[in-house]
Amino acid sequence: MVKSVMVTYALWAVGGPFGLHHFYLGRDNHALLWMLTLGGFGVGWIRELLRIPTYVAVANQDPDMERRRCVMTTSPPPVNLVRVAGQVCVGIYFGTVALIGLNSLNFFDLLILPLCVGAGVHLVSTIGQQTSDLRKTLTACLITSPFFYGSTLSPLPISLAASLTATQHRKYKKAQTGNKQELGLRLCKLTLAWLVFSAPLAYCVFHNTTATLYYLSDCMAVLLDVFWFLPWLRNLVEYILLMPYRLMCVLTGGSYYEEAWKKMLEILLKDYTEREKEALKVLSLGAEASLEEITRGYRELAKIWHPDHNPSKDAEMTFVKIHEAYEVLLRRYKPRRFR
């Protein structure tokens, strides 16, 4: 069926950030990317305003002519800096999502994180008529990850290595045959891919809000430390990063300074996680316990159950539980500041 420019523009306007126009044109990888990034973080969606006629023309090409063109073409596609930048950004984005939602899994830094970053880079490399070598892209990620083991900013160098590898091995896709996949099958594949991406992140956000916010604040702090040699640039970057939080401070009725920041954190971190609730029970504390009360309760129990002062058989195990509970609650109140 011939695709219409007007219909494509309408879908772009109504559901562009969710990739509706790309799904209509049969660009499923592009549609998936837009679903996961909300239209390339908004920038890609706006940029497409002038590119839609080209997308429609490509979608309406004769498959037989396209196959002949692919056979005759031996040189790789030209390097597109926008695509390379997109690969790096989406790789970092996928890595950040993995750090938030999957960092408790075994071999995360050596296996899961690089594979997630590589998947993001490869998704961008398969947009349109181009593709790349998935195996080599993932290999580059796995080789790079050990050098930045445990670093908060590790998605950046891994994504750079994967993007360079994907760019070096770019090629044209094989032309599709005239038998297109059924609509239901395409929708099923996109839905499954979206669920695989969003489920771990949703679980972490709803069940471990504290860790999520702490990780984001840590990322901001590390990023700001990069500009230590240019204080004015550091202040500018900090101002931009904290714009959403400054807005929240206004909504909570505070000023732009530390008291409003603390007030916003108290609102966001109001509910305890299940692990923190269990830790409160171990220390025999209520939900309203302050940091001072937690510390005092820990010290009192530690004196009672420390193996050096308590000869009972259960003393060591109980003391370990008390210490672990204190560490869990301490992480909740650990200072996280940008200045």
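One is the number of the first residue; the rest follow in order along the sequence. Fair warning: this is a prediction, and the values are worked out from it, not measured in the lab.
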Do the two ring centres, one from Phe23 and one from Phe18, sit under 6.0 Å apart? no
Treat each ILVMFWY residue as a node, draw an edge where side-chain heavy atoms are under 4.5 Å apart, and state whether Val282 and Ile304 are in one component. yes
Run through the side-chain heavy atoms of Ile, Leu, Val, Met, Phe, Trp and Tyr, join any pair under 4.5 Å, and report what else lands in Phe148's cluster. Phe147
Using modelled atom types only, decide if a donor and an acceptor are shared between the side chain of Tyr326 and the backbone of Ala279 within a distance under 3.5 Å. no
Report the distance from atom NZ of Lys189 to atom CG of Leu32, rounding to the nearest 0.5 Å. 12.0 Å
Only counting residues at least two apart or in another chain, list the ones meeting ring-ring contact (aromatic ring centres under 6.0 Å, His included) with Trp45. Trp12
What distance separates Ile127 CD1 from His22 NE2, expressed to the nearest 0.5 Å? 7.5 Å
Would you find more than 12 non-hydrogen atoms of other residues, nucleotides or ligands less than 6.0 Å from Glu316 atom CD? no
What's in the same ILVMFWY side-chain cluster as Leu142, cut-off under 4.5 Å, chained through other members? Phe107, Leu111, Leu115, Leu134, Leu138
Does Val84 belong to the same Ile/Leu/Val/Met/Phe/Trp/Tyr cluster as Phe41, with side-chain heavy atoms less than 4.5 Å apart forming each link? no
Backbone N or O of Ala59 within a donor-acceptor pair of the Arg27 side chain at under 3.5 Å? no
What residues, two or more places apart in sequence or in another chain, satisfy side chain to side chain contact (heavy atoms under 4.5 Å, CB included) together with Thr318? Trp305, Asp314, Ile322
Set of ring-ring contact (aromatic ring centres under 6.0 Å, His included) partners for His309, sequence neighbours left out: His306
Can you name the side chain to side chain donor-acceptor pair (under 3.5 Å) partners of Ser284, sequence neighbours left out? none
Exercise: identify the closest heavy-atom pair between Leu99 and Pro155: CD1-CG, 3.6 Å
When you measure from the side chain of His122 to the backbone N and O of Gly118, does any donor-acceptor pair fall under 3.5 Å? no
Atom of Pro78, atom of Tyr172 and distance for their closest heavy-atom approach: CD-OH, 4.1 Å
Residues which pass side chain to side chain donor-acceptor pair (under 3.5 Å) with Thr126, listed by chain and number, not counting sequence neighbours: Asn29
Applying the side-chain contact (heavy atoms from CB on, under 4.5 Å) criterion to Leu25, which one of Leu11, Val7, Val56 satisfies it? Val56
Side-chain contact test, heavy atoms from C-beta onward, threshold under 4.5 Å: evaluate it for Ser132 versus Thr137 and give yes or no. yes
Please check if Ile52 and Val14 belong to a single hydrophobic cluster, counting links between Ile, Leu, Val, Met, Phe, Trp and Tyr side chain heavy atoms closer than 4.5 Å. no
What do the steps show when you test Leu113 against Phe108 for side chain to side chain contact (heavy atoms under 4.5 Å, CB included), and what is the final call? CA-CA 6 Å; Leu113 177 61; Phe108 172 79; 3.9 Å; yes
Do Trp194 and Val97 sit in one hydrophobic cluster, given that two such residues count as connected whenever their side-chain heavy atoms are within less than 4.5 Å of each other, even indirectly? yes
Cluster membership besides Val88, Ile/Leu/Val/Met/Phe/Trp/Tyr side chains within less than 4.5 angstrom, sorted by chain and number, is Ile92, Leu156, Leu160
Decide if the gap between the ring center of Tyr24 and the ring center of Tyr55 is smaller than 6.0 angstrom. no
Looking at CD of Gln130 and CZ of Arg83, how far apart are the two atoms once the value is rounded to the nearest 0.5 Å? 4.0 Å
Ser159 versus Val121: any side-chain heavy-atom pair under 4.5 Å? yes
So, taking the atom named CG in Asp28 and the one named CG in Leu33, what distance separates them when rounded to the nearest 0.5 Å? 12.5 Å
Side chain to side chain contact (heavy atoms under 4.5 Å, CB included) with Val43: which residues, sequence neighbours excluded? none
Same cluster (ILVMFWY, side-chain, under 4.5 Å), Val320 and Ile294: no
Quick one: pull up CD in Gln168 and CG in Asp133 and give me the separation to the nearest 0.5 Å. 11.5 Å
Filter on side chain to side chain donor-acceptor pair (under 3.5 Å), then keep only pairs touching residues 32-43, sequence neighbours left out; what's left? Trp34-Glu48
Does the Asn60 side chain pair with the main chain of Val2, one donor and one acceptor, at a distance under 3.5 Å? no
May I ask you to decide if Leu36's main-chain N or O and Tyr93's side chain share a donor-acceptor pair within less than 3.5 Å? yes
Mind checking side chain to side chain donor-acceptor pair (under 3.5 Å) for Tyr298 and listing every partner two or more places apart, or none if nothing turns up? His323
Applying side chain to side chain donor-acceptor pair (under 3.5 Å), can you list everything that pairs with Asn80, at least two apart in sequence or on another chain? none
Residues Arg170 and Pro76: closest non-hydrogen pair is O-CB, 3.5 Å
Shortest non-hydrogen pair, Ala161 vs Thr144, comes out as CB-OG1, 3.3 Å
Can you tell me how far CG of Leu285 sits from CZ of Arg296, rounded to the nearest 0.5 angstrom? 9.0 Å
For a quick test of reading the model, state the closest non-hydrogen atom pair linking Leu329 to Leu283 and the distance between them. CD1-CD1, 3.7 Å
State, to 0.1 Å, how close Tyr9 and Pro53 come at their nearest heavy-atom pair, and which atoms those are. OH-CD, 3.4 Å
